[in-house]
Chemist: 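One structure coming up, written as structure tokens, with questions to follow.
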Amino acid sequence: MSESIVSSPRSRSFATDPDRVLLAIESTCDETAAAVVTRDGRVLGECIATQEKLHEQFGGVVPEIAARAHLQRILPVIQTAMQQADVQGHDLQAIAVADRPGLAGSLLVGVVAAKSLAMAWDRPLVAINHLHAHLYACQLSQPGDESVYPAIGLIVSGGHTTLYRCDSPIDLVYLGGTIDDAAGEAFDKVAAMLSLGFPGGVEVSRWAVKGDPTAYDFPRGKRNDGTFDFSFSGLKTAVRYAIVGPGRQDFSSIEISDQVKADICASFEAAVVDVLVRKSRRAVKQNRVRRLLVGGGVAANGCLRRELAKAADEDGFELVIAPPELCTDNAVMGAIAWKQIERGQFASLELDITPGLQRGF
Ligand code: KG4
Ligand code: ZN
């Protein structure tokens with residue numbers, strides 16, 4: 001396990017103020033993470049245990065394997081983050097945990113760990129919405145800067161593709177989201193079809209650089225439908241047809257050249273980015289806001305970052321994207337819990353998980 005744990009103290013020299021630190025725990029999908037963060041967004045301790053190697057052979061996250069791995073890692077990960085920060089349980093102002101949305105078994109491990117520690121150390125508990133936390137990661141590049149609101153928030157991750165109007169880090173109004181696959185899920189599936197490895201997003205974008213984005217005219221689901229919803233399943237099917245042809249399921253006997261692979265990746269990436277950029281800039285315009293916040297694993301994608309920057313330039317809005325290391329799942333973005341603490345939004349020790357979210361959250 002040790003080789004998969006990455007811990008990176010970002011502020012070791014800072015003298016700990018025991019009244020101003022909280023422990024944040026993240027276990028919604030396949031990263032087990034803990035961080036000790038100050039009220040003003042400094043990271044005193046951080047530890048992430050990744051599970052990529054465990055899921056690689058399946059081409060996607062296997063929920064039962066993820067839950068079991070979280071169980072083995074959660075306490076060492078928390079311990080590492082707290083040791084780095086040089087804090088004890090009684091130093092913490094609160095314990096925050098992502099309780100929604102995510103894989104049920106994965107969420108359960110984090111929530112039960114947080115509740116147990118809150119009880120043992122007699123500390124208050126804060127329940128974090130993982131999607132709101134992904135958007136809060138944008139703000140962590142500009143600590144303490146509340147001037148980014150109101151804004152449109154775009155979350156593009158392995159499980160979600162959602163647009164919100166954000167009036168504060170914790171006041172979000174749902175505008176639209178995917179009606180089938182998430183953008184990151186589509187990247188992962190395309191990578192699996194082309195045997196590019198897991199997680200697929202990084203691999204597909206690496207191949208896309210060598211390809212022609214106009215080689216295939218892949219469908220742009222719901223591009224012009226006037227809503228803020230997304231659909232990527234038709235695109236996924238079109239990629240499948242481009243690889244094996246209609247009606248065939250078996251990828252094992254297919255041999256395609258590296259150039260065709262690269263062209264498929266580039267054309268697929270262009271189709272995803274096209275719809276994400278188009279709907280985001282329309283949301284900014286229609287809501288008359290001046291900023292777009294973008295978070296989630298797919299926000300690390302270079303092509304998306306470039307095209308959004310171009311759109312921001314043309315339309316005259318400010319683009320705030322989470323730094324690449326805070327796009328994928330981490331516990332540092334759990335610093336959003338401070339905003340909930342300011343409002344007195346604490347959870348009870350009866351806290352339960354909420355794996356799925358209803359439209360509107
Ligand atoms: O936010 P995240 O870590 O987990 C969820 O909350 O789902 O996002 C993971 C997703 C995966 O689907 C991964 O393939 C995708 O983000 N991803 C990328 C890139 N880096 C990660 N997709 C496209 N381009 C990337 N550079
Ligand atoms: Zn996530």
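One-based numbering, in listed order, for ligands and for the atoms of each. These values consider heavy atoms only, across backbone and side chains, with no hydrogens, waters or symmetry-generated copies. All values reported here derive from a predicted model rather than from experimental measurement.
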Chemist: Go through Asp181 and Lys189 one step at a time and tell me if the salt bridge (charged side-chain N to carboxylate O under 4.0 Å, His left out) criterion holds.
Modeler: CA-CA 10 Å; Asp181 297 337; Lys189 295 274 164 56; 5.2 Å; no
Chemist: Are the side chains of Glu52 and Pro199 in touch, meaning some heavy atoms are under 4.5 Å apart?
Modeler: yes
Chemist: Of all N, O or S atoms in Asp329, which has the smallest distance to the Zn ion (ligand 2)?
Modeler: OD1
Chemist: Considering only heavy atoms of Ala300, which atoms of ligand 1 have at least one such atom less than 4.0 Å away?
Modeler: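 That gives atoms 26 (N) of ligand 1.
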Chemist: Provide the number and element of each atom of ligand 1 under 4.0 Å from a heavy atom of Gly184.
Modeler: 12 (O)
Chemist: Do the non-hydrogen side-chain atoms of Leu308 and Leu276 ever get within less than 4.5 Å of each other?
Modeler: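 Contact flag for Leu308/Leu276 side chains = no.
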Chemist: N/O/S atom of His130 under 2.8 Å from the Zn ion (ligand 2), yes or no?
Modeler: yes
Chemist: Between His134 and Asp329, does a side chain to side chain donor-acceptor pair (under 3.5 Å) hold up when you go through it step by step?
Modeler: CA-CA 8 Å; His134 265 307; Asp329 288 346; 3.0 Å; yes
Chemist: So is Val202 polar-close to ligand 1, meaning N/O to N/O under 3.5 Å?
Modeler: no
Chemist: Kindly indicate whether the side chain of Val37, heavy atoms from C-beta on, has any atom under 4.5 Å from the side chain of Leu22.
Modeler: yes
Chemist: Is there side-chain contact between Val204 and Leu194, with at least one heavy-atom pair below 4.5 Å?
Modeler: no
Chemist: Looking at the Zn ion (ligand 2), is there an N, O or S atom belonging to Cys29 that lies under 2.8 Å away from it?
Modeler: no
Chemist: Kindly say whether the aromatic ring centers of Phe268 and Phe187 come within a distance under 6.0 Å.
Modeler: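 Centroid separation for Phe268 and Phe187: below 6.0 Å.
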Chemist: Which is closest to atom 20 (N) of ligand 1 in terms of heavy atoms, Gly296, Gly297, Ser205?
Modeler: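 Considering heavy atoms of Gly296, Gly297, Ser205, the nearest to atom 20 (N) of ligand 1 sits in Gly297.
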Chemist: Could you tell me the residue and atom name of the protein heavy atom closest to atom 10 (C) of ligand 1, and the distance to it rounded to 0.1 Å?
Modeler: Gly158 N, 3.5 Å
Chemist: Over 60° means perpendicular and under 30° means parallel, so tell me whether Tyr216 and Phe218 are parallel, tilted or perpendicular.
Modeler: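 Taking Phe218 first and then Tyr216, their aromatic rings lie parallel (interplane angle under 30°).
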Chemist: Looking only at protein heavy atoms, which one is nearest to atom 24 (N) of ligand 1, and what is the separation?
Modeler: Asn301 ND2, 3.1 Å
Chemist: Heavy-atom distances under 4.0 Å decide this one: backbone, side chain, both or neither, for Glu31 against ligand 1?
Modeler: neither
Chemist: Tell me whether His130 reaches ligand 1 (any heavy atom closer than 4.0 angstrom to a ligand atom).
Modeler: yes
Chemist: Below a 4.0 angstrom heavy-atom separation, can you tell me which part of His134, side chain or backbone, both or neither, approaches ligand 1?
Modeler: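 The answer is the side chain.
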Chemist: Give the residue, atom name and distance (to 0.1 Å) of the protein heavy atom nearest atom 2 (P) of ligand 1.
Modeler: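 That would be Asp329 OD1, 3.5 Å.
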Chemist: Going by the order shown, which atoms of ligand 1 are within less than 4.0 Å of some heavy atom of Asp188?
Modeler: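 With Asp188 as reference, the close atoms of ligand 1 come out as 11 (C), 12 (O), 13 (C), 14 (O).
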Chemist: Under 3.5 Å, side chain of Arg73 to main-chain N/O of Thr32, donor-acceptor pair present?
Modeler: no
Chemist: Give a yes or no on whether Arg223 atom CZ has more than 12 heavy-atom contacts from other residues, nucleotides or ligands under 6.0 Å away.
Modeler: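 For Arg223, atom CZ is crowded (more than 12 foreign heavy atoms under 6.0 Å).
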Chemist: Can you find an N/O atom of Gly159 closer than 3.5 Å to an N/O atom of ligand 1?
Modeler: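 N/O-N/O distance below 3.5 Å exists for this pair.
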Chemist: Which residue supplies the protein heavy atom nearest to atom 18 (C) of ligand 1, what is that atom called, and how far is it?
Modeler: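 That would be Gly201 CA, 3.5 Å.
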Chemist: Asp274 and salt bridge (Lys or Arg N to Asp or Glu O under 4.0 Å): which single residue from Arg281, Lys279, Arg220 fits?
Modeler: Arg220
Chemist: Could you tell me, atom by atom, which parts of ligand 1 come under 4.0 Å of a heavy atom of Thr328?
Modeler: 3 (O)
